Amino acid sequence: MNEDVNIPEEGNTEPEAFEEKKRAVKVKHPEAVIEAVLFSMGNSVEYKKLAEVLGRDVDETVRLTRSLKTKYDKDSSRGITLMELNESVQMCSKVSMYEHLIKIAKIPRKFELSEAALETLSIVAYKQPVTRLEIEKIRGVSSDHAINRLIEYGLIEELGRLPAPGRPLLFGTTEEFLRSFGVKSIDELPSATPERVEEMKKEAEEEAASVYVDI
Amino acid sequence: MNEDVNIPEEGNTEPEAFEEKKRAVKVKHPEAVIEAVLFSMGNSVEYKKLAEVLGRDVDETVRLTRSLKTKYDKDSSRGITLMELNESVQMCSKVSMYEHLIKIAKIPRKFELSEAALETLSIVAYKQPVTRLEIEKIRGVSSDHAINRLIEYGLIEELGRLPAPGRPLLFGTTEEFLRSFGVKSIDELPSATPERVEEMKKEAEEEAASVYVDI
Amino acid sequence: MSLSVKLEVFEGPLDLLLHLIEKNKVDIYDIPIAMITEQYMEYIAAIKKEDMELMSEFLVMAATLLDIKCRMLLPKEVNEEGEEEDPRAELVERLIEYKLCKYMSYELKDRQIDAVKSLFKKPTIPGEVLEYEAPVDYEQLIGNMDLEKLNRIFKAIMKRQTDKIDPVRSGFGKIEKDEVNLEERMSAISEFIRRHKFFSFRELLENQHSRMDTVVTFLVILELMKTGDIRISQEKLFDDIMITSNVAAA
């Protein structure tokens, strides 16, 4: 693959160097052949190999290929183009086509909040800052998935860590949440005041203590 | 992958059922988009899906695609074309490019179908959905081996079971069959209709008549 | 006649018969059955008897041919409509169908020759396309949810949580698990629905604190729905379930 392919320089026209070309028959429609070859191969094709198929020298092959690329690029009714890579060339879709490709290559995401996510969101909204454990205690079920989903959607975020044993993460709602729910300011929600953090810290400590007692 | 994505509507009170159509914007260069999509996807793409990307209805999409195919076919500087397969379309290299492509591309192993397999395949193609028993009745010989071979090659597939005693399996042809035999759709095959039988009868009679003259 | 032709070259008895018909240039609709049968017998007599399965299929056809030959010699049978029946009719039909199948298989073979010359390619979807993540569509995500509804959900959760804690029993060191009697609850609720036309599920749950109570009450409601004694409705997610009794005294 990585042999020394020497792309012949413009002036290099030694007639003896064309030994292996003796059986090379010039194909009639080189552009069509380049298109068909690059399409069928899918991956990159060395100019050297393409030249063999075209029955032309590498130099001319490069020239033909480049002019084909120019033709593709200039024509807005074309969705494909060529990409030069080292001593090879590959067919690809035009960058301007990506937005359309996305529609067909990607399964559209469904944006919806499950019941679990809504419950979790309401707890975060009204109890923030709140730890994972607290959410789960209130809901009575593990809420990892719902929390991750809400973070992914950008409705809640990590606010920091509670200065308590285990240093659990604290969650709160985001600005996007306020925007989406038409909340003018954070004041409309119980805010994350220092007092609330203190309160939680105490709770967490008590909890930790009670756990020890239980054991 | 292929489920119809139904965006859940909370209180679906909008009279228009064209929920997803509201975002369908007619793309500017449909030919370029068809080319880019079919090139990138490689596999066959349903007209229905292509229509979504183009922001046009299926009929217009089919029309656009066919005119693009005609354009490819007429232009001898093009090496690719399109192949219609039932309700889908796929990009492929032109048949005339084959002689050049065999020099460079890995040609997929051509499966040599036995006479028995071809007979069986033609019965499945024309009589589908068809049971093993029906195939054997027409051929006059056991066809297990041929059927298994065709399934292995992906040319026929089980379609379900006949709601009859024994619940026999029903077979039909696949998209791979259409591709491998260059058939747009089953309807396009020369029909084995009663008219065709009549035609054959006439031919036979004429033949017989000419024989008598000869004698 | 040369018997060097191996039987294996024929796909089956029908194929052999078609071959004989074509070789003798006879009309498929008027098969000289005696002649064809004779030639058919010569062929199968010549083949090796190794492949019994293949052989049996050819022998079945031989028997059919002999049967037709005999019936041709007898006075013609007449069907219900008084028409003469040709003993060859069924065989002819099968041969025609088989011939069609052969014809179609040649057609397919021809098409395959060109079709394999079209090459396809594997998907090459640009990385940027594959990595693309659609931005969150908040309008769709939030739907018609608003802060007020979120607050209702929150209150419902908090209520659910306090309901779970029996204020009296939680004071005890140990909570006794008591059995809830389904039948008892059933008759209590049946009695309730005779006296109340319209009430909510939460009303029914008043003074029921254990999870078991809730479950049993819910089961009873389902049962009463099935019997048609009540109808239920729930406006929105998390809303209280409204129950309408069909058996309440007006």
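Sequence lines set the chain letters: A, B, ... in the order given, protein chains first and strands last, and positions in each chain run from 1. The structure displayed is predicted, hence computed values, not measured ones.
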Exercise. Just give me the residue among B:Ala117, B:Gly42, B:Ser40, B:Ala116 that pairs up with chain C most often, heavy atom to heavy atom, under 4.5 Å.
Key: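 When all of B:Ala117, B:Gly42, B:Ser40, B:Ala116 are compared, B:Ser40 has the most.
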Practice problem: Identify which of B:Met83, B:Gln90, B:Met91, B:Lys94 forms the greatest number of heavy-atom pairs closer than 4.5 Å to chain C. | Solution: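 Going by pairs under 4.5 Å, I would pick B:Gln90.
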Self-check item: Contact class of B:Lys127 relative to chain C, heavy atoms under 4.5 angstrom
Solution: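 For B:Lys127, the side chain is the part near chain C, not the backbone.
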Quiz item: Does any heavy atom of chain C fall under 4.5 Å from the side chain of B:Leu101, the backbone, both, or neither of them?
Solution: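 Contact with chain C: side chain only.
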Quiz prompt | Any donor-acceptor pair under 3.5 Å from B:Gln128 side chain to B:Thr173 backbone | solution =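 It does hold such a pair.
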Practice problem: Considering only NZ, NE, NH1 and NH2 on the basic side and carboxylate oxygens on the acidic side, decide whether C:Glu85 and C:Arg71 come within less than 4.0 Å. | Solution: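 Result for this pair is no, no salt bridge flagged.
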Quiz prompt | Set of residues satisfying side-chain hydrogen bond (donor to acceptor under 3.5 Å, both in side chains) with respect to B:Tyr72, sequence neighbours excluded | solution =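 B:Glu35.
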Practice problem: Applying side-chain hydrogen bond (donor to acceptor under 3.5 Å, both in side chains), name anything that partners C:Asp114, two or more places apart in sequence or on another chain. | Solution: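 side-chain hydrogen bond (donor to acceptor under 3.5 Å, both in side chains) list for C:Asp114, sorted by chain: empty.
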Practice problem: Mind ranking C:Leu108, C:Leu14, C:Val116 by heavy-atom pairs under 4.5 Å with chain B and telling me who comes out on top? | Solution: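 That would be C:Leu108.
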Exercise. Would you please say whether a donor-acceptor pair under 3.5 Å links the side chains of C:Asn24 and C:Gln39?
Key: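 Yes, because at least one side-chain N or O of C:Asn24 sits under 3.5 Å from a partner of the opposite role on C:Gln39.
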